[in-house]
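Heads up: the structure comes next, in structure tokens.
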Amino acid sequence: MQYQPRTIENKWQAYWKKNDTYKVSNTSEKPKFYVLDMFPYPSGSGLHVGHPLGYIASDIISRYKRLCGFNVLHPMGFDAFGLPAEQYAIVHGIHPAKSTEKNIQRYKDQLEDIGFCFDWSREVRTSDPSYYKWTQWIFLQLFGHYYDVEANKALPISALVKAFERGGSTAVLANHSNETPFTASDWRSMSKKEQDDALMNYRLAYRKVTFVNWCEGLGTVLANDEVKDGRSERGNYPVERRPMLQWSLRITAYAERLLDSIDSLEWTPALKAMQRNWIGKSVGASILFEVEGIDEKLEIFTTRPDTIYGATFMVLAPEHPLVPVISTSEQKTEVQAYITASGSKSDRERMADKEVSGAFTGAYAINPVSEKRIPIFIAEYVLMDYGTGAIMAVPSDDTRDHAFASHFNLEIIEVVDRSAHSNATMEDKVGTLINSAIINGLSIPDAINKMITHLEQENIGQRQIQYKLRDANYSRQRYWGEPFPIVYDSEGVSFGLELSDLPLELPELSDFKPASGAKSPLARLEHWQKLDNGFIRETDTMPGFAGSSWYYLRYMDPHNEAAFAGRDAMDYWQDVDLYIGGTEHAVGHLLYSRFWHKVLFDLGKVPTSEPFKKLVNQGMIQGRSNFVYRANEQMAEYFFSKKLKEYREDVQHNYPVAGIYVDFAIPEFKLAIEIKSASKLVHLINDTYDRFQEEGWTLLGIPIEEIGKYWNNFDLFIKKIHRAREGEKPSPISPDMESTPVYISKDMVRDTNHVTAIHVDIHLVSNDKLDITKFLKASPENANALIITNEDGEYICGHAVEKMSKSKYNVINPDEVVERYGADVFRMYEMFLGPIEQSKPWDTKGIDGVSKFLHRFYGLFFTDGKFLLSETDPSTEELKILHQTIKKVSEDIERFSFNTCVSQFMIATNELKKLGCNKRGILLPLVTVLSPFAPHIAEELNALSGSDISITTASFPAYNESYLVERETDYPISINGKKRAVVAFPSDSTKEELEKRAVELEEIQKWIEGKQIRKVIVIPGRMINIVV
RNA sequence: GCCGAAGUGGCGGAAUUGGUAGACGCGCUGGAUUCAAAAUCCAGUUCUGGCAACAGAGUGCGGGUUCGAUUCCCGCCUUCGGUACCA
């Protein structure tokens, strides 16, 4: 019987479905294990080969843990609300509800095809009202609580109101954004609306005018993590800061706790570092500076209060509220001009502009410690967003301040003696203080402490901690998201809906496109927005991260109608034992989830304080995109400064781009093929030709069937030659080689004796029509591209390895791979590619090896085409192979080294085949060990061997160390650490025996003859080293 | 700039605590089978020299520790990821 993967796989997938094989119960005697994948948003293009990488790993772990006796929760769902789904719907003119439904179905089909053991009865969709009912409910909890600093947890707003009634805003220590303290009587005399506004400064979900990231291109506000380099992460549209009345989440209240508990997580150091950086804690002091002649004080934040004697000027952000107050009349024009100029710049321009610029306000401050009179400037390099928007500038110890001082000719006072540290830079915290009166001679840490104490005593400053983390913008002016369960009365006072009113369903809306001018699509539905009692609804919707911040909890109890998850379910499942997903969510999703989880923990709603115990980042599987650019000077500049990638990102919208395989925007470049070797070239050309013909492509306007007659007009343009036959030039590849054009005619290629291995791209171009006559310049070493010319000008063509994306025409779908090789091969091949956390380009080169292996493995069970297992007792040799494999695979699964597991299966198969082993006692346990990796073939072989229950109910075999003991051990024998011989000695030899016998060996004598043996190192079971 | 990860054959990668560098697979070379090809099977394959036995070199570069270093330490280089006028 030939191994026919698709037949077997369809059969078993149907069996699993019919028998609910993967259904998991919330009540079990077994220990629990929760394995979670980051759920996908269902995009229109379906799964590509990159998605399943993590899913396969988690599937293997789930199946393995199940075999080891755990009750394993392994669910899957869809992140169906939010921008990606909506953008897709807009582009295709389909209602997002419809497109989402369709896309989800496609995803599910694809996932099922790969044979994952998801419990689909627990599927969640964030856009489902029964799900977002609880997203809205959690939001209301955030709305209904504030962060109490003394209790160090979230407490109900009602407690806060009581405190205000009792003693005003100072009666409670809370995390807030209140700028005007009030007394109890102030509070009582406030209107309802004023009280509501005051409470907004405390609520964990609050509505306030804040500077937000407005993205006109998307028609909505974005959170900080959705903005990269001043552009939207999705769509790459410019983003500007503007003040708007918006909902936000007070994640900053949890900054310290989010930072603290990072240590307790089993996450990669890189990921932990990213979270720490994003939170961005810095410890220092806030200091008050008096402004000369004005009754205002300037508050600044510094991490280096020790350098205050070197503070010779101050700088404010141009937007700082005190700028108009302190600017003198003589300087007003200059200041105004500077503010206007910087205000007109986008964030991106402002970031790009590193030139020193600024304006003098005419005002002076008094250094509160040195009592020096120092000028106050405004400059763009001080940001309103961070700290207080004002700094004391210490040109001696800060490079930016130094540059500014040099530019404006300001005084520089050295305050740190770094002479003992020759390599120290200006900002290294080493050296001793000088010119600093009360802290002279102290080391920097001591000086910082002493200065803060001094500032606090004198009442001019205090110890302070700053975070980079900002509150998260939570409003989106879009249709496809959760409606806010909030209504406003005629005064604008906000009220949360009752649980009984939830879910507040997203109303039908045929015109769901975003409106310009910050108006939400939902605002078009007047009848929905206006309630009978005169109240009006909030018309913004929640952002994409709302639903994804808690979905892992819903899986525990997905059909509960009384709570987001039942207490029993949560007490059983606790938290996620293993979370697998990409690093792209390192700061967004993972931080928000941790934040929500901690709030729920404070409220006593979840049993753990952290949601994800262990997290593994799978790497990306990248695609290879081919491209052709029409060259111009601008691009040449990018190209030769090795910044081709930036070019592609920055300018590609403005220039024609052709993904050569798919998009034929540049008609001259019709066809490019990659070949593996010269001997296969002709075959591959024909292959590609066939494929292109099937797909009905044309080449230079000629239908592909007719291209044959033009065949001889084509030359093969070869970028690199790796090796050529002996004696032939050129030999090994060198960068210089690339400057020599190499043409190979088809005749040469047919004669495979000429060239033994051609490596990279071969671009097949028309000789007569295009006249690609010369190779202009050598491409830079790493650019993977070459430049060619024709009468139209220059072109750059080549390929790049990058993220798979539809716009780059480099997406490979798993369907075709599964169809051709089978799901088990696909699964094992993705694992075999390399370590799970590494990114790598998708490359089908090696897949045949894995396919061959599974065929061979299957073949072990068949004799003369019949399934046949021998009942004979296994030999020690066979047992050794089996137990080696059990040991290696179980250990490697535990450390997420799946590629080496696949290797071990191959080794075992090769060796058993060599031994002609078809013994039940060996092969059946091996099938169980293989089953997490290749579940279909395992089920099939298990069934053929007579079992009538699924292999998923089996137990993972234990290995027996005694089978692994060898009678003899190969000892490498080294002289002075250099291996000279490998000799087998009995495994139970003693050190002395080994030493004696090693030295006596003939091949060793040769090396030590006439020399004095100084020392012999014997590590039993390992090696012998003789030192002479 | 700062933080993090990595750098090993023609390629993907292995070497788990300092102990045989290159497992396994791809590719390539030769052979078997075939009219021929595909598929399959067998053998070889780090580089250099040599018919060979064998010798020398070798894990980004330069040093160090050690009987012994891909692994540990010091100093660099390169690539990738994150982040940035963060005071």
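Letters go in sequence order (proteins before strands), and every chain restarts at 1.
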Protein-nucleotides 42-46 of chain B N/O pairs closer than 3.5 Å?
none

Enumerate all atom pairs, one protein N or O and one N or O from nucleotides 67-70 of chain B, separated by less than 3.5 Å.
| residue | atom | partner | partner atom | Å |
| --- | --- | --- | --- | --- |
| C67(B) | O2' | N1025(A) | ND2 | 3.1 |
| C67(B) | O2 | N1025(A) | ND2 | 2.6 |

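Among I300(A), I391(A), N367(A), the one residue that satisfies the side chain to side chain contact (heavy atoms under 4.5 Å, CB included) test with M314(A) is I300(A). With respect to D306(A), the side chain to side chain contact (heavy atoms under 4.5 Å, CB included) criterion is satisfied by exactly one of V415(A), V394(A), I448(A): I448(A). Of the options F408(A), F404(A), F289(A), a ring-ring contact (aromatic ring centres under 6.0 Å, His included) to F313(A) is made by F404(A) and by none of the others.
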Which dot-bracket string describes RNA chain B (Watson-Crick N1-N3 plus N6-O4 or O6-N4, or G-U N1-O2 and O6-N3, all under 3.5 Å; [ ] crossing; | other strand)?
(((((((..(((......[....)))((((((.......))))))((((....))))..(((((..]....))))))))))))....
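Nucleic acid contact class of S282(A) (heavy atoms, under 4.0 Å, all strands): sugar-phosphate only. Nucleic acid contact for Q838(A): sugar-phosphate only, since backbone atoms but no base atoms lie under 4.0 Å from a heavy atom of the residue. At a threshold of 4.0 angstrom between heavy atoms, the contacts of R895(A) include nucleobase atoms, whether or not backbone atoms are also involved.
If you check U40(B), A14(B), C24(B) against the side chain of K852(A), the one that comes closest is U40(B). When each of G82(B), U16(B), G13(B) is scored by its nearest atom to the side-chain atoms of E891(A), the top-ranked nucleotide is U16(B). Nearest to the side chain of R980(A), among C86(B), A55(B), U16(B), sits A55(B). The nucleotide whose nearest atom lies closest to any side-chain atom of K978(A) is, among A57(B), A55(B), A87(B), A57(B). When distances are taken from the side chain of K979(A) to each of U20(B), C86(B), G25(B), the shortest belongs to U20(B). Checking U16(B), A23(B), G13(B) against every side-chain atom of I907(A), the shortest atom distance belongs to A23(B). Of the candidates G4(B), G13(B), A23(B), G13(B) carries the atom nearest the P835(A) side chain, counting heavy atoms from C-beta on. Of the candidates C24(B), C86(B), U83(B), the closest approach to any side-chain atom of N910(A) belongs to C24(B).
Comparing Y386(A) and P269(A) by the nucleotide of RNA chain B whose heavy atom lies nearest to each, the residue mapping closer to the 5' end is P269(A). Nearest-nucleotide mapping onto RNA chain B: of A270(A) and T388(A), the residue sitting toward the 5' end is A270(A).
Residues L926(A) and F857(A) have side chains in contact (heavy-atom distance under 4.5 Å, counting atoms from C-beta outward).
Between D401(A) atom CG and C85(B) atom C1' there is a gap of 10 Å when expressed in whole angstrom units. At whole-Å resolution of the value, CG in N899(A) and P in U8(B) are 16 Å apart. If you take CD1 of I973(A) and P of U20(B), they are 14 Å apart, rounded to a whole angstrom. Counting to the nearest Å, the P atom of G25(B) and the CD atom of Q904(A) are 12 Å from each other. Distance N224(A) CG to C86(B) C1': 13 Å, rounded to the nearest Å. In this structure, R1022(A) atom CZ and A15(B) atom C1' are separated by 11 Å, rounded to whole Å.
Note: Y3(A) and H855(A) have perpendicular aromatic rings, judged against thresholds of 30 and 60 degrees for the angle between ring planes.
Side-chain atoms of T252(A) and Y467(A) include no donor-acceptor pair closer than 3.5 Å.
Comparing the C1' positions of G68(B) and C47(B) gives an interatomic distance of 23 Å, to the nearest angstrom. Distance check on atom C1': A69(B) versus U59(B) gives 11 Å, rounded to whole Å.
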Taking it one step at a time, do T885(A) and Q904(A) satisfy side chain to side chain donor-acceptor pair (under 3.5 Å)?
CA-CA 6 Å; T885(A) 305; Q904(A) 181 59 36; 3.2 Å; yes
Going through the checks in order, is the side chain to side chain donor-acceptor pair (under 3.5 Å) test met by D397(A) and T307(A)?
CA-CA 8 Å; D397(A) 288 81; T307(A) 62; 5.7 Å; no
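Judged by distance alone with a 3.5 Å cut-off, a donor-acceptor contact links the side chain of K888(A) to the base of U16(B).
Under the 90° criterion around 0 for the glycosidic angle, G10(B) counts as anti.
Atom NZ of K281(A) sits in a crowded spot, with more than 12 heavy atoms from other residues, nucleotides or ligands closer than 6.0 Å.
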